[in-house]
Amino acid sequence: MRTLYQQFTTQAEIDAAYNPSLGLDSQAIMAHFHQQAERARSTLDYLPKISYGPTLDETLDIFPAEQAGAPVLVFIHGGYWRSLSAADFSGIALGPHALGMTVVSIDYSLCPKVGIDEITRQARAAVAWVLRHIENYNGDPKRVSIAGHSAGGHLAAMCLQTDWVGEYGLPAQPLRAGLLVSGLFDISPLRYSYLQPMLQLSDGVIRRNSPMFGCQHSPAQVLLTWGGRESTEFERQSTDFLQQWQEAGNSGALLRQAEADHFTALHGFERSDSALCEWLSRQA
């Protein structure tokens with residue numbers, strides 16, 4: 001039987017491995033995130049929908065730190081590039097903000113309106129905007145870290161591998177750290193999944209947008225984390241990416257959250273004393 005990807009021979013197998021909502025209560029998951037998002041927006045300074053690009057989709061939300069010159073966290077939400085928004089995950093600002101950070105959460109166009117090439121471009125454009133303007137929001141542009149969840153972890157990894165000098169006229173390697181939660185670093189299996197009609201992956205798109213391949217040297221510290229209760233493919237994606245990252249001469253670490261699933265693996269951003277926020281604080 002023909003192999004589609006790794007050990008998988010059928011779409012059903014790939015769907016089971018890459019659909020993180022299977023067996024979970026999606027309504028309860030989103031109810032939690034929406035409750036935490038409302039708590040963040042009602043208790044923190046909140047500046048929504050600031051434009052970073054020419055289209056209506058290219059906006060970001062900022063939770064400014066109370067003091068100027070603060071470290072900055074840029075967060076990219078997941079949703080397999082085709083759903084959800086920054087506002088759904090405002091709660092991720094709670095922990096980092098309590099540690100004195102300015103937090104930026106970005107929105108981007110979704111598939112199938114645009115493809116992953118364009119979404120990657122928008123994520124990089126958002127980071128470039130932050131590097132140029134975050135001083136106006138109490139942030140230090142020399143202390144910017146990036147984080148992302150699921151598809152957002154993929155986009156954050158793509159931002160860590162960007163020609164900031166040649167493409168944006170910015171300093172080389174401007175990002176201090178990357179916190180990648182249940183990320184996707186080789187997107188080729190999704191070509192054979194239930195997502196393909198929306199993502200429209202081709203050989204070129206996969207090659208250009210799989211951060212697993214062609215890792216560049218970077219001074220950024222990276223933490224890859226995932227939930228012990230999610231598909232082992234998310235663990236494999238993270239461990240394989242770390243190997244490639246380290247072979248490029250970079251530093252990184254793994255954190256398996258034994259009791260977490262694909263979604264509760266993100267909850268640590270909501271508490272300043274969590275392992276995720278403590279790691280971010282050490283990088284800042």
Side-chain angles (χ1 to χ4, degrees), residues 18 20 71-81 84 86 89 92-93 95-96 101 103-106 108 116 119-120 123-124 126-127 130 144-162 173-187 189-190 209-228 230-248 250-258 260-270 274-284:
Y18 281 95
V72 179
L73 178 67
V74 178
F75 178 80
I76 309 178
H77 74 82
Y80 268 138
W81 308 276
L84 304 176
F89 297 97
I92 60 90
M101 302 182 77
V103 181
V104 180
S105 186
I106 77 168
Y108 48 87
I116 292 181
I119 295 173
T120 296
R124 288 167 165 165
V127 172
V130 169
V144 177
S145 297
I146 194 164
H149 174 238
S150 196
H154 159 269
L155 293 170
M158 293 297 290
C159 289
L160 287 167
Q161 302 182 70
T162 299
Q173 306 296 347
L175 297 175
R176 179 166 291 199
L179 177 44
L180 312 177
V181 184
S182 299
L184 297 137
F185 309 107
D186 174 5
I187 65 174
L190 304 181
N209 295 280
S210 286
M212 185 83 74
F213 311 112
C215 281
Q216 304 171 11
H217 179 64
S218 171
Q221 297 293 314
V222 167
L223 178 65
L224 295 121
T225 183
W226 66 92
E230 60 183 316
S231 161
T232 56
E233 274 297 280
F234 288 94
E235 176 178 359
R236 186 194 61 78
Q237 289 259 355
S238 289
T239 56
D240 285 1
F241 179 72
L242 180 63
Q243 180 179 347
Q244 297 299 316
W245 183 254
Q246 291 175 328
E247 287 181 0
N250 304 326
S251 298
L254 301 171
L255 175 62
R256 181 178 184 270
Q257 301 182 54
D261 60 39
H262 186 76
F263 301 97
T264 57
L266 195 58
H267 288 184
F269 285 95
E270 300 162 5
S274 70
L276 301 188
C277 283
E278 288 177 354
W279 185 87
L280 282 172
S281 181
R282 289 195 297 272
Q283 311 315 312

Within the 6.0 Å centroid threshold, strictly below: F269 and F75: yes

Taking all heavy atoms of [X] and all of [Y], pick out the closest pair and write down the distance.
| X | Y | value |
| --- | --- | --- |
| P211 | H154 | CD-CD2, 3.6 Å |
| Q173 | L160 | OE1-O, 4.1 Å |
| S150 | H262 | OG-NE2, 3.0 Å |
| F234 | G183 | CD2-O, 4.2 Å |
| C159 | I146 | CB-CD1, 3.7 Å |
| S182 | H149 | CB-CD2, 4.4 Å |

Expected output: side-chain [X] to main-chain [Y] donor-acceptor under 3.5 Å:
| X | Y | result |
| --- | --- | --- |
| Q244 | D240 | no |
| S238 | E235 | no |
| E270 | I92 | no |
| T162 | M158 | yes |
| D261 | E230 | no |
| S210 | M212 | no |

Does the side chain of [X] come under 3.5 Å of the side chain of [Y] through a donor N or O and an acceptor N or O?
| X | Y | result |
| --- | --- | --- |
| S218 | N250 | no |
| Q237 | E233 | no |
| S145 | R176 | no |

Does the pair C215 and F241 meet the rule for a side-chain contact (heavy atoms from CB on, under 4.5 Å), with working shown? CA-CA 9 Å; C215 281; F241 179 72; 3.7 Å; yes

Side-chain touch T225/L276, heavy atoms, less than 4.5 angstrom: yes

Side-chain contact, heavy-atom cut-off 4.5 Å: W226 with V181? no

